[in-house]
Amino acid sequence: MTLRLYNTLTRCKEPFAPQRPPKVGIYVCGVTVWDSTHLGHARAAIVFDTIVRYLRHRGFQVTYVKNYTDVDDKIIRRANQDGVPWTAVAEKYIAEYSRDMERLGTVKPDVEPRASAHIGDMIAMIETLMARGLAYETQGDVFYAVRTCADYGQLSGKKIEELAVGARVEANEAKRDPLDFALWKRAKPDEPSWPSPWGPGRPGWHIECSAMSTKYLGQPIDIHGGGRDLIFPHHENEIAQAEGASGTPFVRCWMHNGSLTIDSEKMSKSLGNYFRTSEALQQYDAEVIRYFLLSSHYRSPLDFSTMALTDMGRAVTRFYDATGRLGQATAGAFPAAPPKTLPDEARPLVRRLQTFHEELHEALDDDLNTPKVFGMMFELVRDLNRYLDTQHGRHGPIHHWIQMAWSTLRQQCHRILGLFGSDAADFRERMKAMALGKRGVDHATVEQLIAQRNTARRTKDFATADQIRDQLTAMGVSFKDRADGTTEWHVE
RNA sequence: GGCGCGGUAGCUAAGUGGUAAAGCAUCGGUCUGCAAAACCGAUAUGCGGCGGUUCGAUUCCGCCCCGCGCCUCCA
């Protein structure tokens with residue numbers, strides 16, 4: 001079985017074939033650092049994080065590059081509004097993004113280039129484009145002449161003629177053609193600028209990614225990714241620039257993740273319907289957010305709602321409850337094969353555990369089918385619980401084997417998906433603390449009430465016990481009395 | 001208007017030319033002094049509508065309806 005990935009350029013799933021295996025270069029368009037990140041950014045980050053993790057798991061030596069766009073109109077505007085240098089705005093939001101993504105458990109890219117540190121590379125590429133007659137300068141502005149690019153529109157499926165008809169392309173007198181886009185913008189007052197052969201100015205948006213991606217990964221790049229909304233014009237223009245400058249193919253496989261939506265509308269700053277990553281992290285466990293963001297296929301739209309996050313939290317809890325029930329193996333090596341004599345109750349579980357690795361690869365090889373993997377996880381959970389419900393489910397060599405197999409499986413999922421690797425008790429504590437915080441309930445108060453109730457139960461004072469139970473219920477606390485007289489509790 | 005994606009149980013969501021994974025919710029049961037916790041079980045004769053191809057289609061083809069995305073800064 002080979003890994004197959006959907007290539008936006010060819011519009012089909014293709015066997016993944018890097019230029020120089022086992023080396024893989026992947027470039028992902030990061031964020032423009034003018035404001036806080038929202039869950040849409042988090043989705044993109046987690047999708048590509050998972051791809052990188054899986055490629056590494058499959059034995060590829062991945063170089064992962066993700067840029068920060070720190071030269072941009074919105075950053076400049078914000079800096080001028082706040083009366084701070086544009087670099088301060090950029091630094092602030094780079095730090096925020098970096099922190100949020102770390103909390104979501106994403107691996108740090110190997111290179112995180114910033115546009116402002118690569119102006120020279122961009123100028124060099126623009127000069128090449130001009131030398132090749134693909135770009136022109138007008139009064140300090142430089143534009144890419146789109147009509148010189150025969151393949152323009154190949155990625156987004158657009159035709160130059162149709163674009164030209166569209167009235168929404170802003171007319172700019174300096175441009176020879178309304179379709180042309182800026183490579184270099186002449187400096188305006190109160191804006192940062194860099195010297196260039198065309199006078200002081202700053203780069204256009206698209207050139208940074210062409211310049212930085214080829215600088216760090218060469219050409220062609222194995223995978224270039226980003227959100228679906230970047231296909232046009234950003235990625236289309238990147239292709240025109242990079243291929244125009246080099247004369248060789250820019251990217252082998254283009255990957256795009258679907259948008260995060262709210263009420264079926266795209267989450268975006270301009271619509272104002274966004275949910276900040278930092279806010280989400282305050283209200284939901286990072287692992288639950290990650291699970292949610294991988295719960296539908298990465299190319300499909302994914303609709304955000306608090307209800308969805310709550311449901312996902314319950315699902316992940318179910319996984320950890322089963323893990324907690326199983327317990328950890330105390331010691332000993334992992335026997336390669338399960339014991340010969342299997343009790344009937346253990347058979348389905350053992351069979352599933354034995355085929356798990358293969359099925360995991362099969363699912364992820366198919367264009368990263370994470371929802372399929374989640375389904376598999378819960379079939380496993382059900383079989384585990386069935387086994388644990390039996391008399392046999394506590395002892396014997398098979399129990400030890402299952403514990404070891406479960407632990408191995410969890411490590412693997414943790415490495416590839418960043419999920420299911422937590423300690424079961426830790427996870428429960430995290431969820432509890434989060435829920436208590438949301439409800440403004442104090443941990444000690446709950447413990448105290450539970451102790452009082454248990455005292456009442458011991459003296460058969462059920463009226464008081466029930467009264468306290470109702471009180472706890474009103475606080476959102478639910479619980480389960482254990483056989484040993486202690487009580488475990490949760491917060492809804 | 002152009003290009004593209006999608007419509008599968010109450011909600012979310014995989015999937016296959018031969019008869020529908022999983023999660024949440026709901027209902028039933030086990031456990032419990034009781035218990036909305038935990039566990040087990042049940043729940044789509046059906047996969048937007050109408051035709052067609054086929055021994056057989058949710059899965060392929062055509063048309064239609066609906067939703068969404070891109071065409072402008074956007075992960």
Side-chain angles (χ1 to χ4, degrees), chain A residues 8 11 28-32 34-35 37-48 66 69 72-74 97 153 156-159 161-163 165-170 205 225-234 236 256-261 264-271 274 291-292 295-297 299-303 305 307-308 310-319 321-322 324-325 363 366 369-382 384-386 388-390 457 460-462 465-466 469-470 472-473 476-483 487-490 492:
Chain A
T8 307
R11 289 172 184 73
V28 176
C29 287
V31 287
T32 302
W34 69 283
D35 200 356
T37 65
H38 61 237
L39 281 178
H41 302 119
R43 184 182 190 195
I46 283 175
V47 162
F48 287 101
K66 181 159 72 177
T69 298
D72 169 84
D73 288 348
K74 289 193 283 283
Y97 180 86
S156 55
K158 299 191 183 305
K159 297 188 178 65
E161 299 72 40
E162 285 163 1
L163 285 168
V165 172
R168 297 175 76 180
V169 179
E170 194 182 319
W205 174 38
R228 203 171 191 71
D229 46 9
L230 293 180
I231 294 173
F232 189 91
H234 186 54
E236 197 69 72
H256 293 96
N257 64 276
S259 298
L260 187 71
T261 60
S264 298
E265 281 196 326
K266 193 176 89 172
M267 181 179 286
S268 78
K269 291 279 171 63
S270 43
L271 287 170
Y274 60 93
Y291 179 90
F292 164 66
S295 68
S296 89
H297 185 82
R299 282 190 282 117
S300 304
L302 172 64
D303 204 55
S305 68
M307 201 182 82
T310 303
D311 287 356
M312 299 300 157
R314 287 182 188 152
V316 179
T317 300
R318 177 170 153 81
F319 175 84
D321 280 350
R325 284 187 82 196
D366 184 18
N369 193 341
T370 51
K372 178 83 177 291
V373 174
F374 292 177
M376 285 162 47
M377 294 308 286
F378 286 99
E379 287 174 331
L380 224 26
V381 164
R382 187 196 54 222
L384 174 61
N385 277 321
R386 277 182 187 156
L388 289 171
D389 280 349
T390 64
R457 284 173 66 224
K460 309 266 185 220
D461 180 5
F462 294 124
D466 288 350
R469 189 184 69 210
D470 293 343
L472 285 162
T473 302
V477 176
S478 59
F479 46 82
K480 152 91 173 148
D481 298 323
R482 293 202 193 92
T487 297
E488 86 180 52
W489 55 277
H490 320 273
E492 287 301 302

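Letters go in sequence order (proteins before strands), and every chain restarts at 1.
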request  = Could you tell me whether D229(A) contacts a base, only the sugar-phosphate backbone, or nothing, with contacts defined as non-hydrogen atoms closer than 4.0 Å?
outcome  = base
Distance between C1' atoms of G18(B) and G46(B) (Å, rounded) = 16 Å
remark   = R325(A) has its side chain closest, among A38(B), C24(B), G23(B), to A38(B)
query = Looking at D321(A) and R314(A), does any basic side-chain N land under 4.0 Å from a carboxylate oxygen?
reply = no
query = When the P atoms of C27(B) and C64(B) are considered, how many whole Å apart are they?
reply = 44 Å
query = How many Å lie between CG on L302(A) and C1' on G6(B), as a whole number?
reply = 14 Å
request  = For residues F292(A) and I46(A), determine if any side-chain heavy atom of one lies less than 4.5 Å from a side-chain heavy atom of the other.
outcome  = no
ask   = Are any of N385(A)'s side-chain N or O atoms less than 4.0 Å away from OP1 or OP2 of A38(B)?
value = no
query = Counting side-chain heavy atoms from C-beta on, which of C31(B), U12(B), A75(B) comes nearest to K480(A)?
reply = C31(B)
remark   = From CD of E488(A) across to C1' of A35(B) the rounded distance in Å is 14 Å
key: Atom pair distance, as rounded to whole Å: CZ in F374(A) and C1' in U12(B)   = 13 Å
task = Would you indicate which nucleotide in C70(B), C40(B), G33(B) comes nearest to any side-chain atom of D466(A)?
result = G33(B)
request  = Using the P atoms only, state how far A35(B) lies from G48(B), rounded to an integer number of Å.
outcome  = 42 Å
inquiry  = Expressed as a whole number of angstroms, how long is the span from M377(A):CE to C24(B):P?
reply    = 14 Å
ask   = Among the nucleotides C73(B), G33(B), A36(B), which one has an atom lying closest to any side-chain atom of A465(A)?
value = G33(B)
ask   = With both distances kept under 3.5 Å, what pairs with A9(B), Watson-Crick or G-U wobble?
value = none
message = Could you tell me how far apart D311(A) (CG) and A13(B) (P) are, to the nearest whole angstrom?
response = 11 Å
ask   = A38(B), A75(B), C73(B): which one has an atom nearest the side-chain heavy atoms of D321(A)?
value = A38(B)
request  = Determine the interatomic distance between P on U58(B) and the same-named atom on U45(B); round to the nearest Å.
outcome  = 13 Å
ask   = Between atom CZ in F232(A) and atom C1' in C5(B), what is the gap in whole Å?
value = 18 Å
query = Taking atom C1' in both C65(B) and A38(B), what distance in whole Å separates the two?
reply = 46 Å
ask   = Does R318(A) place a side-chain N or O at less than 4.0 Å from the phosphate oxygens OP1/OP2 of G23(B)?
value = yes
inquiry  = My understanding is that a pair needs two contacts under 3.5 Å, Watson-Crick or G-U wobble. By that rule, which nucleotide pairs with A44(B)?
reply    = none
request  = Name the pairing partner of G33(B), where a pair is Watson-Crick or G-U wobble with both distances under 3.5 Å, or state none.
outcome  = none
ask   = Roughly, in whole Å, what's the span from CG in N257(A) to P in C68(B)?
value = 20 Å
ask   = Going by 5.5 Å between centroids and 30° between planes, is there a stack of F378(A) over G23(B)?
value = no
message = Tell me whether T261(A) contacts the main-chain N or O of L302(A) through its side chain, where contact means a donor paired with an acceptor under 3.5 Å.
response = yes
query = Which residue, K158(A) or R382(A), contacts RNA chain B at a nucleotide closer to its 5' end, judged by nearest heavy atom?
reply = K158(A)
task = Identify whether NZ of Lys or CZ of Arg in K158(A) sits under 6.0 Å from the centre of the six-membered ring of F232(A) and within 45° of that ring's axis.
result = yes
message = Heavy atoms only, 4.0 Å cut-off, all strands: where does D73(A) land among base, sugar-phosphate and nothing?
response = nothing
ask   = With sugar-phosphate meaning primed atoms plus P, OP1 and OP2, does T37(A) contact a base, only sugar-phosphate, or nothing at under 4.0 Å between heavy atoms?
value = nothing
task = Would you mind telling me which of C11(B), C40(B), C24(B) lies closest to the side-chain atoms of D389(A)?
result = C40(B)
message = Once you apply a heavy-atom cut-off of 4.0 Å, does M376(A) come out as touching a base, just sugar-phosphate, or nothing?
response = nothing
message = Within the 4.0 Å heavy-atom criterion, would you say G40(A) contacts the bases, only the backbone, or no part of the nucleic acid?
response = base
key: Which residue lies more 5' along RNA chain B, comparing H38(A) with R299(A) via nearest heavy atoms   = R299(A)
Non-hydrogen atoms of P301(A) and S296(A) that approach each other most closely = O-OG, 3.8 Å
request  = Measure the OG1-NZ distance between T69(A) and K74(A) for me, rounded to the nearest 0.5 Å.
outcome  = 9.5 Å
task = Please determine, for G69(B), whether a Watson-Crick or G-U wobble partner exists with both distances under 3.5 Å, and give it or none.
result = C3(B)
inquiry  = Let's test this: given Watson-Crick or G-U wobble pairing with both distances under 3.5 Å, identify the partner of A21(B).
reply    = none
request  = Would you mind classifying the nucleic acid contact of G227(A) as base, sugar-phosphate or nothing, using non-hydrogen atoms under 4.0 angstrom?
outcome  = sugar-phosphate
inquiry  = Checking contacts here: which listed nucleotide (A14(B), C71(B), A25(B)) is nearest the side-chain heavy atoms of K372(A)?
reply    = A14(B)
message = By the 4.0 Å heavy-atom rule, please label S296(A) as base, sugar-phosphate, or nothing.
response = sugar-phosphate
ask   = Of the candidate nucleotides G4(B), A75(B), C11(B), which contains the atom at the shortest distance from the side chain of T32(A)?
value = A75(B)
ask   = Who is the Watson-Crick or G-U wobble partner of G51(B), with both distances under 3.5 Å?
value = C61(B)
ask   = NA contact type, K266(A), heavy-atom cut-off 4.0 Å: base, sugar-phosphate, or nothing?
value = base
inquiry  = Using the C1' atom as the point on both nucleotides, what is the distance between G52(B) and C70(B), in whole Å?
reply    = 33 Å
message = For the C1' atoms, the ones on G15(B) and on A21(B), what distance do you get once it is rounded to whole angstrom?
response = 7 Å
Nearest-Å distance for atom pair CZ/C1', residues R314(A) and A22(B) = 17 Å
inquiry  = Categorize L230(A) for me: base, sugar-phosphate, or nothing, with a 4.0 angstrom heavy-atom threshold over every strand shown.
reply    = sugar-phosphate
task = Would you classify D481(A) as touching base, sugar-phosphate or nothing, given that sugar-phosphate means primed atoms plus P, OP1 and OP2, and contacts are heavy atoms under 4.0 Å?
result = base
inquiry  = Tell me whether the rings of F378(A) and F319(A) are parallel (<30°), tilted (30 to 60°) or perpendicular (>60°).
reply    = perpendicular
inquiry  = Any base atoms under 4.0 Å from H256(A), or only sugar-phosphate, or nothing? Heavy atoms, all strands.
reply    = nothing
inquiry  = Let's see if you can work this out: which of U72(B), G33(B), A14(B) has an atom nearest to the side-chain heavy atoms of S300(A)?
reply    = A14(B)
message = Taking G258(A)'s backbone N and O only, do any of them form a donor-acceptor pair with R43(A)'s side chain (distance below 3.5 Å, no angle check)?
response = yes
note = Residues N369(A) and H297(A): closest non-hydrogen pair is CA-ND1, 4.2 Å
ask   = Taking only N and O in the side chain of R228(A), is any of them less than 4.0 Å away from OP1 or OP2 of G4(B)?
value = no
request  = For C11(B) versus G62(B), give the span between their P atoms, rounded off to a whole number of Å.
outcome  = 29 Å
query = Would you call D366(A)-K372(A) a salt bridge at under 4.0 Å N-O?
reply = no
request  = For G225(A), report the nucleic acid contact type (base, sugar-phosphate, nothing); a contact means any heavy atom under 4.0 Å.
outcome  = nothing
remark   = Which of G69(B), A75(B), U72(B) is nearest the side chain of E265(A)? It is G69(B)
